[in-house]
Protein chains: 2
Amino acid sequence: MAQSDTVSRILDTAEVLFAERGFAETSLRNITSKARVNLAAVNYHFGSKKALIQAVFSRYLDPFTLRFHTALDELEARYTDSHIPLEELLETMATTVLAVPAERNSLKVFMRLLGLAYSQAQGHLRRHIQEQYGEVFARFTELVRQATPDLPDSERFWRLHFMLGTVIFTLSGLDALRDIAAKDYQEQVTVRDLVRRLRPVVVAAMNAPLPPAVEEGHHANANAS
Amino acid sequence: MAQSDTVSRILDTAEVLFAERGFAETSLRNITSKARVNLAAVNYHFGSKKALIQAVFSRYLDPFTLRFHTALDELEARYTDSHIPLEELLETMATTVLAVPAERNSLKVFMRLLGLAYSQAQGHLRRHIQEQYGEVFARFTELVRQATPDLPDSERFWRLHFMLGTVIFTLSGLDALRDIAAKDYQEQVTVRDLVRRLRPVVVAAMNAPLPPAVEEGHHANANAS
DNA sequence: CCTCCAGAAAAACGAGTGTTTAAAACATGC
DNA sequence: GCATGTTTTAAACACTCGTTTTTCTGGAGG
């Protein structure tokens, strides 16, 4: 054991419980009792619950950014004089995402955590992720920009987020959906199977025809704030 | 006031706070103090916090299902001998979704709530929504099935949920995204504008080519449970 | 041997939670 | 005007929460 063992026991238990129930709904007593560790250990080793949450994310995202950067390096080396095709970029991202939790036991946990990071309040988390991992995301979007030169910038921005929603929503709610699918269609869906299904959909969505230009005169309703 | 006024003050305040911070993060004291109502009023009028959460949803979803059923009735009346085109179905759904919170003040709140219903633990909520509003959703998916006869059932199931993820994720996280978009692309995005952008993307995604058949022999990794 | 100190353990702290109780205020019908 | 049922109020209850404090344990180094 490189780490004090108590630390990793806490992290292992915390990530599972967080993924199952969310952050606010998971108490430190839940974590420490299931990890068979003293309650005070969390505050001793991590300082606070917030810091524990961030540590859980870092354990996934640090290896991810590392791998993703090198994967993009290789990709750029292979396409020195032409742009990297969109399919290649998406494929690389998918492969990297799938590779990270292979060491650990669950991609599902990783995805649930990402979904929670977006949907739960936890402002500190969004800030932490933005600061820590915004750079690699910016690099990726820049490559996507080069791969889709015909798309207006704003349109590409929105479509990327549309697809982000697709992936995170589907994979983070996978268990519930999998149950329904298994019941109605007698098929057991694996994560890799879902990624296979996602690929053509995402590509088609990114390459969809542009929406009609906005008509003047029609004033939008005021749903601000 | 048709209702006791206390009841609607609670609901008005609760939906906003829930949408902003989630269910667990919003206490009854938050709600009652902001609504300038006695703490015990929630338990008196609704019975429990869980029941209050469900009541907040019902106030949006009951009118929605009503409108959506009649909208689908009209649609079916217009297409007695041919199938309703997919575009028409999506258009109708979008229109109905947009119509509901027009009476109230915020579509954003409605979408945030839907997003929370999926991502937060709150098992009772998912069950309540499923039982109460599963029927209209089933009717819609059946019409989508008739509109896309070439799509295998399981494929359509997943693609519908992909698109559900797109819409809920985008519209429920709209505020944050809108800020970024406004900063980077100097454009002020309205909800209707987003729906306009969503339409071609969703249609293209639903009509995307089928994924390649699974190769035998490649055994998927065991990411179960 | 004794000191030192990181780590684990138990206990307590104060704040905040949903819910219940019991009394007060109000409205309605006779 | 009094009794009736409904709504509002303040107070208390019984927990649970994250965090802090204090004590205890077990090796390492002088």
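Order of the sequence lines fixes the chain letters, A, B, ..., with proteins taken first and strands second; residue numbering starts at 1 for each chain.
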List, with names and distances, any nitrogen or oxygen atoms from the protein found under 3.5 Å away from nitrogen or oxygen atoms belonging to nucleotides 15-17 of chain D.
{"from": "dC17(D)", "atom 1": "OP1", "to": "Ser27(A)", "atom 2": "OG", "distance (Å)": "3.2"}

N/O-N/O pairs, protein side and nucleotides 7-10 of chain D side, under 3.5 Å:
{"from": "dT7(D)", "atom 1": "OP2", "to": "Tyr44(B)", "atom 2": "OH", "distance (Å)": "3.3"}
{"from": "dT8(D)", "atom 1": "OP1", "to": "Thr6(B)", "atom 2": "OG1", "distance (Å)": "2.4"}
{"from": "dT8(D)", "atom 1": "OP2", "to": "His45(B)", "atom 2": "NE2", "distance (Å)": "2.7"}

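A salt bridge links Glu142(A) with Arg145(A); the closest basic N to acidic carboxylate O contact falls under 4.0 Å. Salt bridge Arg127(A)/Glu131(A): absent, no basic N to carboxylate O contact under 4.0 Å. The pair Asp12(B)-Lys34(B) does not count as a salt bridge, with every side-chain nitrogen at least 4.0 angstrom from each carboxylate oxygen.
To the nearest 0.5 Å, the span separating OG on Ser58(A) from OH on Tyr133(A) amounts to 3.5 Å. Here the straight-line distance linking atom CD of Gln54(A) with atom OG of Ser48(A) works out to 7.5 Å at 0.5 Å rounding. Taking CG of Asp193(A) as the start and CZ of Arg178(A) as the end, the distance is 10.0 Å to the nearest 0.5 Å.
Distance, Ile31(A) CD1 to dT19(D) P: 11 Å, rounded to whole Å. Between the CG atom of Leu52(B) and the C1' atom of dT19(C) there is a distance of 14 Å, given to the nearest Å. Across the protein-nucleic acid pair, Arg9(A) atom CZ and dG7(C) atom C1' stand 14 Å apart, rounded to whole Å. Rounded to a whole Å, the CD1 atom of Ile10(A) is 11 Å from the C1' atom of dA8(C). Rounding to whole angstrom units, CG of residue Leu17(B) and C1' of dG18(C) are separated by 16 Å.
Nearest approach of Ala55(A) to Phe46(A), heavy atoms of both residues: CB-CE2, 3.8 Å.
For the 3.5 Å distance criterion, the side chains of Asn30(A) and Ser27(A) qualify, holding a donor opposite an acceptor.
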